[in-house]
Amino acid sequence: MASIVAGTPWMRIGRMTMTTTTKLDLAPPVLRLYRSRRRFSSVSASLSNNPNKLDGEVRVRFAPSPTGNLHVGGARTALFNYLFARSKGGKFVLRIEDTDLERSTRQSEETVLQDLTWLGLDWDEGPGVGGDYGPYRQSERNSLYKQHAEKLLESGHVYRCFCSSEELEKMKEIAKLKQLPPVYAGKWASATDAEVQEELEKGTPYTYRFHVPKKGSLKISDLIRGEVSWNLDTLGDFVIMRSNGQPVYNFCVTVDDASMAISHVIRAEEHLPNTLRQALIYKALGFTMPYFAHVSLILAPDRSKLSKRHGATSVGQYREMGYLPQGMVNYLALLGWGDGTENEFFTLEQLVEKFSIERVNKSGAVFDSTKLRWMNGQHLRALPSEKMTKLIGERWKGTGILTESDGPFVDEAIQLLKDGIELVTDSDKVLSNLLSYPLHATLTSTECKAVIEDKLSEVAATLLSAFDGGEILGALEEGSAGWQKWVKSFGKAQKRKGKSLFMPLRVLLTGKLHGPDMGSSMILIHKAGTLGIVAPQAGFVSLKERFEMLRQVDWEALNKDQPILESTAAVSS
């Protein structure tokens, strides 16, 4: 909703107040302008039930510029538009704003489309889909912009400006000296037809400038930020068409949103200043104003605007890092929105059901990468087991840890290790950790000192005897029940139980002080050695190799500054 207040040449418009609910039910006021050749003479406002809208249908758009990757801020804007459209039974339109011909590329456009598709944000109209309001690339809509620019010229809302770059720069310098806003001085705003014709005949380049009232203010009622107003005297007459015939961003956006019947413009708050120019163009062309909703910026932990210096910022980067679209969508939705409960876990379908623009917060939202990782882990573990197994199994084979992507070993490994996996890429580390045997590093660590002092050498000697006698391999062949039975028997013989039994066994068998369930770990390590599923380059230390390394430990040297065992390479050879 917008209104122009005070001062010539605008007449005062009564300000209308609405609750949020009313704002969603009624269209913004339609402002009809009655004008002379180059000046507005008067204005009147009336409320209409969604004129020029498709019977009140909600239509929103996401309009990225294909000049780079899809930033997480842009992805959240796209998500909020998508959720609003789906929650209202409306249409989600994708429009490519590629008027920056030097920086826009089709490769960038394709990347943006791929990222949106990966997030699950399918569009109803746009590139690759079509629709009744195309074309959906601004570069293909130039004739429409020129048509509306000519309308504004005919009605006197814009005029030709023949000022050179040097003249414009001089105007800025003069304004700066006078401590005035750097706005256009209006040299050609009042030129006669003869003066204009003379420049046209000389072939002088010109732009189209929009007549801006010199007094008064403009107000909009933003669905997120409430009432926002600007003084018109800070703006100056602005360019809508460049001298090379290319339209300016604010003009394109206004014509596109109006001609595509966009009912709600949901975008980042950095676009809020653009709303003033766009609102003036809407009124001058007699278009119905859409509702505006400006979403807060996404902030870095230091509360500055999130940027590349803070790490990964594009959707593609997070995809490559092993994030799931489900986790990404869930987290982005919570950056400035909540359903009013303490629940933070949502599927895309649940977000559609719960989302409302009224619950979008106008304060900046801090991007917390730690929480994003946690949330991704929640969604990863919520996947159907067969899907999670396929995802991680293919990852293990693809990265060269395993030679197969499925089977009993993969199934059991995922079940054992999944609680330590938040990103798909984490699965490499947790499996490699299971297969490794860093005994030397553990024994020489400060944390292990108490374990060593608890007669660890005696436990090691007894354990070696049990391995040589075939007890351990026999127990592992029998699976979990056989292993538990053997551990109980071993503990009884050693007169140990609880931590005093399991801690030394963990150190000696896994080479680590901490880890997943020891019994399941040992069974998997045994299977890895017998199935031949681990790739040679994976750094796997088999049971036999572990016990050979254990034989080499010089327990007396542990309390001295001396090597306590030979290298793995030496033992293996």
Side-chain angles (χ1 to χ4, degrees), residues 8-10 33-41 65 97-104 137-215 232-256 258-259 274 276-287:
T8 310
W10 297 87
L33 308 179
Y34 303 95
R35 40 185 105 70
S36 59
R37 169 96 176 121
R38 289 192 177 89
R39 300 287 183 184
F40 299 112
S41 59
S65 297
E97 296 188 343
D98 57 352
T99 49
D100 187 343
L101 301 179
E102 292 183 0
R103 298 175 60 219
S104 296
R137 293 184 184 88
Q138 284 186 339
S139 59
E140 300 170 3
R141 297 171 65 84
N142 275 336
S143 61
L144 186 64
Y145 306 137
K146 290 176 181 177
Q147 174 189 337
H148 284 90
E150 291 301 323
K151 282 184 180 180
L152 291 175
L153 182 65
E154 287 295 320
S155 65
H157 288 98
V158 304
Y159 58 89
R160 294 183 179 92
C161 172
F162 296 91
C163 287
S164 64
S165 299
E166 292 76 15
E167 287 179 289
L168 294 173
E169 191 60 37
K170 189 174 182 179
M171 290 179 194
K172 288 182 182 178
E173 291 175 2
I174 293 172
K176 186 177 181 180
L177 289 172
K178 294 181 178 180
Q179 296 184 328
L180 297 172
V183 297
Y184 178 66
K187 175 181 177 181
W188 286 93
S190 56
T192 65
D193 289 343
E195 289 172 327
V196 171
Q197 188 59 36
E198 181 182 349
E199 296 299 322
L200 290 174
E201 289 174 358
K202 289 192 297 185
T204 305
Y206 61 88
T207 60
Y208 279 8
R209 281 190 182 273
F210 190 94
H211 263 301
V212 177
K214 304 309 176 191
K215 295 182 180 180
L232 297 175
D233 60 4
T234 63
L235 182 57
D237 295 352
F238 57 89
V239 174
I240 66 164
M241 293 285 283
R242 298 182 181 91
S243 58
N244 63 0
Q246 286 297 310
V248 171
Y249 169 78
N250 282 306
F251 183 57
C252 295
V253 169
T254 305
V255 171
D256 287 342
S259 60
N274 294 327
L276 173 55
R277 291 175 175 84
Q278 292 166 17
L280 292 171
I281 296 170
Y282 271 110
K283 298 176 185 69
L285 286 170
F287 291 146

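Using modelled atom types, one finds no donor on one side chain facing an acceptor on the other under 3.5 Å when comparing Tyr249 with Asp100.
Side-chain contact between Tyr206 and Glu199 is absent, with no heavy atoms from C-beta onward closer than 4.5 Å. Side-chain contact between Asp237 and His211: present, with at least one pair of heavy atoms (C-beta onward) separated by less than 4.5 Å. With contacts defined as side-chain heavy-atom distances shorter than 4.5 Å, the pair Leu177/Glu173 does not qualify. Side-chain contact between Val239 and Arg209: present, with at least one pair of heavy atoms (C-beta onward) separated by less than 4.5 Å. Two residues are said to be in side-chain contact when any heavy atoms from C-beta on lie closer than 4.5 Å; Ile281 and Phe287 fail this criterion. Contact check for Thr99 versus Asn142: no side-chain heavy atoms found under the 4.5 Å cut-off.
The CD atom of Glu169 sits 11.0 Å away from the CD1 atom of Ile174 when rounded to the nearest 0.5 Å. Between Arg160 atom CZ and Gln197 atom CD the span is 8.5 Å, to the nearest 0.5 Å. Within the model, atoms OH of Tyr145 and CD1 of Ile240 stand 12.5 Å from one another, a figure rounded to the nearest 0.5 Å.
When all heavy atoms of Trp188 and Cys163 are compared, the pair lying nearest together is CD1-SG, 3.6 Å. Scanning all heavy atoms of the two residues, the minimum distance from Tyr282 to Ala258 falls at CE2-CB, 4.1 Å. The heavy-atom pair separating Met241 from Val248 by the smallest distance is N-CG2, 4.3 Å. The minimum heavy-atom distance linking Thr207 with Ser243 is given by the pair CG2-N, 3.6 Å. Nearest heavy atom pair, residue Ala191 against residue Val196, reads CB-CG2, 4.1 Å.
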**Item:** Steps toward side-chain contact (heavy atoms from CB on, under 4.5 Å) verdict (Leu276, Leu235)
**Value:** CA-CA 9 Å; Leu276 173 55; Leu235 182 57; 3.9 Å; yes

message: Quick one, Leu168 with Lys172, criterion side-chain contact (heavy atoms from CB on, under 4.5 Å). Give me CA distance, side-chain angles, the key distance, then yes/no.
response: CA-CA 6 Å; Leu168 294 173; Lys172 288 182 182 178; 5.6 Å; no

Checklist line | Criterion side-chain contact (heavy atoms from CB on, under 4.5 Å) on Thr254 and Leu280, from CA distance to verdict | finding: CA-CA 10 Å; Thr254 305; Leu280 292 171; over 6 Å; no

Please table the atom pairs, donor to acceptor, closer than 3.5 Å between any side-chain atom in residues 146-153 and protein atoms at least two apart or in another chain.
residue : atom : partner : partner atom : Å
His148  : ND1  : Leu144  : O            : 3.0
Glu150  : OE2  : Tyr208  : OH           : 2.7

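At distances below 3.5 Å, at least one donor-acceptor pair connects side-chain atoms of Asp98 with backbone N or O atoms of Gln138.
Cation-pi geometry between Arg277 and Phe210 is not met: the NZ or CZ atom fails to fall both under 6.0 Å from the ring centre and inside 45° of the normal.
For Glu167, the salt bridge (charged side-chain N to carboxylate O under 4.0 Å, His left out) test picks out Lys187, with sequence neighbours left out.
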